[in-house]
Amino acid sequence: MKEELATRYDPSTFEQRLYASWEAAGYFTPVVDRERPKFTIVIPPPNVTGRLHIGHALVNTLQDIIVRWKRMSGYNTLWLPGTDHAGIATQMVVEKQIAKEGLTRFDLGREKFVERIWQWKEQHSSEIKDQLTRLGASCDWTRERFTLDEGLSRAVRYVFVKLYEDGLIYRGIAMVNWCPRCLTAISDVEVEFRERNGKLYHIDYPIADTDRRVTIATTRPETMLGDTGVAVHPDDERYKDLIGRNAILPIANRPIPIVADAILVDPEFGTGVVKVTPSHDKNDYETGKRHNLPQLQVIAEDGRMTAAAGKDFEGLDRSDARKRVVDLLTEQGYLVKVEDHPHNVGVHGKCDTDIEPMVSLQWFVKIEPLAKPAIEAVRSGAITITPETWESTYFNWMENIHDWTISRQLWWGHRIPAFHCTNGHTSVSVDDLVTCPECQAPVTQETDVLDTWFSSGLWPFSTLGWPDPTPDFETFYPTDTLITGFDILFFWVARMIMMGLRFTGQPPFTRVFLNGLVRDEQGRKMSKTIGNVIDPLDVVNEVGADALRFTLAVATSGRDIPLGKSRIAGYSAFVNKIWNASRFALMHIDTDLKHAGPIDRDRLRTVERWILSRLNAVTAEVNEQLSVFRFDEAASACYQFFWHEFCDWYIEMAKPVLLGRHGSDNDRKLAKRVLLEVLDRSLRLLHPFMPFVTEEIWQKLGGVEPSIMIAPYPIAEDVLEDPEAERLADAVKAIITTIRNVRAERGFTPKDRFRLTLRGNDDRDTNFFRENAYLLMELARLTEVSTDGTAPDHAHHDVVEGFRLAIEFPEKEVSQEQLDRVRREIEKSEKELASLDAKLANEQFTGNAPPQIVAGARARQSELRSRLETLRKNQ
RNA sequence: AGUCCCCUAGCUCAGCUGGUUAGAGCGCUACCUUGACACGGUAGAGGUCAGCGGUUCGAGUCCGCUGGGGACUACCA
């Protein structure tokens with residue numbers, strides 16, 4: 001039998017209890033059954049480093065909405081959770097931690113340091129689970145994975161070896177992005193560009209054996225110490241005679257050749273003379289190769305100047321070296337001028353350190369053969385990306401992609417499974433090697449580790465047991481939907497597509513939804529310095545997970561998400577509303593779902609048929625919108641229906657019957673049955689958005705299933721559609737609204753009651769109101785509703801939804817304000833009618849517009865005519 | 001520099017393949033403690049849909065230009 005709900009909505013009393021009960025019941029864990037239709041999502045694995053922010057709350061709420069919806073819709077649903085070892089980020093965190101003990105990772109040594117990170121990971125990885133739990137995320141925790149765990153590590157080695165054998169992984173010397181702070185190479189996507197107000201230094205380079213000088217310009221004067229050439233355009237008349245001569249590098253006083261290079265030099269730009277620093281600039285590196293210019297490394301891996309920079313500079317940090325170079329150039333008269341020069345500087349996204357282009361020996365993935373099928377998969381529609389606009393961004397990037405630098409000079413990560421022997425052979429192997437397969441000499445393993453994203457790229461299949469043909473892999477792969485932030489489209493999504501296609505022969509997922517960035521109410525990024533950061537756990541503690549989830553969902557259209565306290569407050573009011581409406585319903589419902597039996601539809605009154613019809617329409621809408629990731633539309637459809645149709649109108653309309661002021665016992669029984677039905681369906685509809693409050697209430701309804709999360713998701717049924725009931729209910733609502741409106745405008749209070757005369761277009765409509773007069777009397781507070789009388793002149797006349805009505809106010813002076821109002825109303829209608837008349841007189845319109853549009857215009861025209869006529873009576 | 005997106009009520013945003021009277025949330029005004037709810041109810045004010053031009057019987061919606069804002073990619077020394 002039914003129980004009552006607590007008087008006050010207090011999520012803290014039930015959210016955690018409910019989550020624990022779901023998990024204990026095993027609802028999050030799908031069965032391994034290939035016969036059943038499945039639905040799979042893998043979580044974008046959060047970094048093991050620390051707390052979830054609002055962006056995580058968003059992406060995981062959206063996933064949970066889809067997952068709960070699919071699960072209730074009958075799919076064997078797996079949401080696989082896990083975390084990412086996040087190479088650099090995690091290493092940085094632990095380095096900071098040991099720094100407090102006055103230690104560096106070099107003090108500890110590789111083995112001890114990695115051990116420390118593992119300890120740290122064990123302590124912190126459960127925090128992620130706890131936080132996701134508080135949000136209500138229905139992940140299958142029995143399948144939780146970590147990118148460095150054994151199975152995934154094996155997948156990583158397998159893939160590395162395979163790509164190497166296929167010639168798609170190579171080791172070589174190239175110019176890479178080097179982070180002098182993290183002491184590692186990073187890939188192109190990890191470089192972020194920041195706008196800086198830099199300077200452009202113009203420096204004179206004397207020409208050897210002449211008294212001529214050429215002026216070059218540079219933003220990085222310290223690199224001049226590494227110049228090994230000067231380039232001009234071959235067709236530039238100004239410098240033609242200099243080609244083949246030497247310039248004298250100031251400060252270093254070294255002769256360097258002047259070469260002609262059409263690729264590097266744009267004669268229109270600056271002076272048309274360019275310094276060439278093959279060791280410290282990407283373009284100069286290529287230029288150097290073209291002209292056989294030597295490389296001279298003047299900046300070391302740690303960002304300090306090398307001995308080759310000269311003893312004045314050796315050991316100086318690159319920024320100090322810049323000042324010193326500028327000072328010396330000034331002293332010696334080589335510095336011509338310095339101008340402000342705003343430009344973009346590449347920095348390491350993780351630590352904000354300026355990237356140093358550096359020539360070094362690294363491992364790379366030859367990317368084009370992988371990118372091609374990945375482009376095709378999206379182009380062909382095998383994978384769709386939502387919002388669609390991201391597809392062009394994807395193509396743009398994939399078509400111009402460069403080889404992927406995958407080696408990192410870090411200690412935390414998957415150590416590259418390559419083995420070097422003393423004779424210079426390199427072998428790769430899934431299993432550790434002790435001796436060189438070629439010469440039997442002892443081998444040592446490569447010290448570099450792999451880019452974190454190398455292992456994340458395998459996530460959709462490595463987590464399911466691949467490369468073994470495990471039951472999980474066979475059952476749940478490929479996954480269906482991927483939901484993640486657009487910011488990792490290149491880092492992660494693109495790489496999963498490439499790797500998935502290459503190694504499983506299938507797209508790793510068929511649909512991608514990219515969510516936007518969570519911003520504050522003014523559209524600013526959340527940042528600690530502005531102080532506008534919202535911590536999702538704080539919100540959950542204050543108002544509950546449901547309010548936060550709903551707020552995030554209702555704001556998710558595909559673009560960035562504005563989120564603020566007032567918004568959250570607005571939707572926590574909605575949760576409260578659901579609670580209280582349910583409390584009201586539970587006071588009147590006297591049977592539980594198990595014993596309710598089917599609804600006798602033939603005996604339903606119009607208002608009941610109306611609310612069921614509307615609920616049915618909303619059900620169709622929600623399913624439709626969720627299927628295209630319109631979380632906002634789906635959520636607000638629920639919101640509008642529950643609050644503004646069910647609470648504001650249906651409950652109020654049902655009260656006279658429920659409270660025994662109107663109708664028979666049987667009417668009351670039916671009303672209660674419908675109330676139960678609407679509440680049940682609404683809660684199930686809302687459950688993916690608000691798992692906790694819907695479960696807490698639904699438990700009181702006594703359903704067949706032990707939990708709402710495994711109850712079937714509502715689907716629309718044609719039999720519930722009832723346009724006639726909707727038309728009449730709309731008329732009732734509009735008439736009531738008009739009466740309330742005029743009453744207020746005329747300065748009466750809700751306590752003042754009047755008589756109403758009402759007439760429909762035909763007898764059926766008039767009869768409807770004769771039978772349902774109590775609705776108007778109760779909701780519009782009338783003394784009597786007459787369907788055949790005539791109204792006195794001093795009544796207020798109007799036409800609403802085709803019904804002529806007259807509200808019989810006592811003779812009371814109508815203010816000038818009121819008369820003005822009526823006049824404005826008349827003018828508005830006249831204006832509209834005039835434009836409609838013109839439109840309908842236009843044969844181009846009546847001939848070309850679709851018939852229903854023309855018919856609609858005609859109907860509106862006649863309504864306006866009759867309304868105008870009636871309104872004029874009020875003057 | 002290239003590509004893309006945005007400009008609709010005071011604020012934040014919806015408006016799908018062009019079609020009746022342009023919507024929501026928050027905020028604002030007035031009234032109401034009515035038996036689920038003041039995290040409430042009722043009613044209301046508020047918009048030349050950035051500007052200009054074009055296509056069309058018809059444009060917030062399609063096309064072009066201008067202005068303003070943003071994102072991504074690349075980067076000229």
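The chains referred to below are lettered A, B, ... by the order of the sequence lines, with proteins before strands, and numbering in each begins at 1.
- For A/Thr393, taking side-chain heavy atoms from C-beta onward, the closest of the listed nucleotides B/C37, B/A24, B/C72 is B/C72.
- Taking the charged nitrogens against the carboxylate oxygens, A/Asp284 and A/Lys282 have no contact shorter than 4.0 Å, which rules out a salt bridge.
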Every protein N/O within reach of nucleotides 75-77 of chain B N/O, cut-off under 3.5 Å:
residue, atom, partner, partner atom, Å
B/C75, N3, A/Asn344, ND2, 3.3
B/C75, N4, A/Asn344, ND2, 3.0
B/C76, OP1, A/Asn283, ND2, 2.8
B/A77, OP2, A/His341, NE2, 3.4
B/A77, O2', A/Ala217, O, 3.3
B/A77, N6, A/Asp266, O, 2.8
B/A77, N6, A/Phe269, O, 2.3
B/A77, N1, A/Asp266, N, 3.3

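- Residue A/Asn741 has a polar side-chain atom (N or O) positioned under 4.0 Å from OP1 or OP2 of B/G44.
- A sub-4.0 Å separation between OP1 or OP2 of B/A36 and a side-chain N or O of A/Thr7 is absent.
- No engagement by A/His202 is indicated, since no non-hydrogen atom pair under 4.0 Å with the nucleic acid exists.
- Remark: A/Lys577 is in phosphate contact with B/G41, judged by side-chain N or O atoms under 4.0 Å from OP1 or OP2.
- Residue A/Lys655 has a polar side-chain atom (N or O) positioned under 4.0 Å from OP1 or OP2 of B/A36.
- Listed nucleotides: B/C26, B/C4, B/U42. Nearest to the side chain of A/Arg740: B/U42.
- For the OP1/OP2 pair of B/G40 and a distance below 4.0 Å, the side-chain nitrogens and oxygens of A/Trp579 include no atom meeting the criterion.
- A/Glu843 comes within 4.0 angstrom of nothing in the nucleic acid, heavy atoms only.
- Comparing atom distances between the A/Arg567 side chain and each of B/C37, B/U12, B/C26 picks out B/U12 as nearest.
- Within the shown strands, B/G2 is the pairing partner of B/C72 under the Watson-Crick or G-U definition, both distances less than 3.5 Å.
- Under 4.0 angstrom from either OP1 or OP2 of B/G44 there lies no side-chain N or O belonging to A/Arg743.
- Classified by interplanar angle (parallel below 30°, tilted 30° to 60°, perpendicular above 60°), the ring pair A/His662/A/Tyr774 is parallel.
- The phosphate of B/G25 (OP1 or OP2) has a side-chain N or O of A/His644 nearer than 4.0 angstrom.
- Here A/Arg559 lies in heavy-atom contact (under 4.0 Å) with sugar-phosphate atoms only.
- Taking atom CG of residue A/Asp648 and atom P of nucleotide B/G25, one finds them 10 Å apart after rounding to whole Å.
- Contact between the side-chain N/O atoms of A/Ser557 and the OP1/OP2 oxygens of B/A14 is found at a separation under 4.0 Å.
- Shown here are the salt bridge (Lys or Arg N to Asp or Glu O under 4.0 Å) partners of A/Glu825, two or more places apart in sequence or in another chain: A/Arg867.
- Contact annotation for A/Ser636: no contact, since no heavy-atom pair falls under 4.0 Å across all strands.
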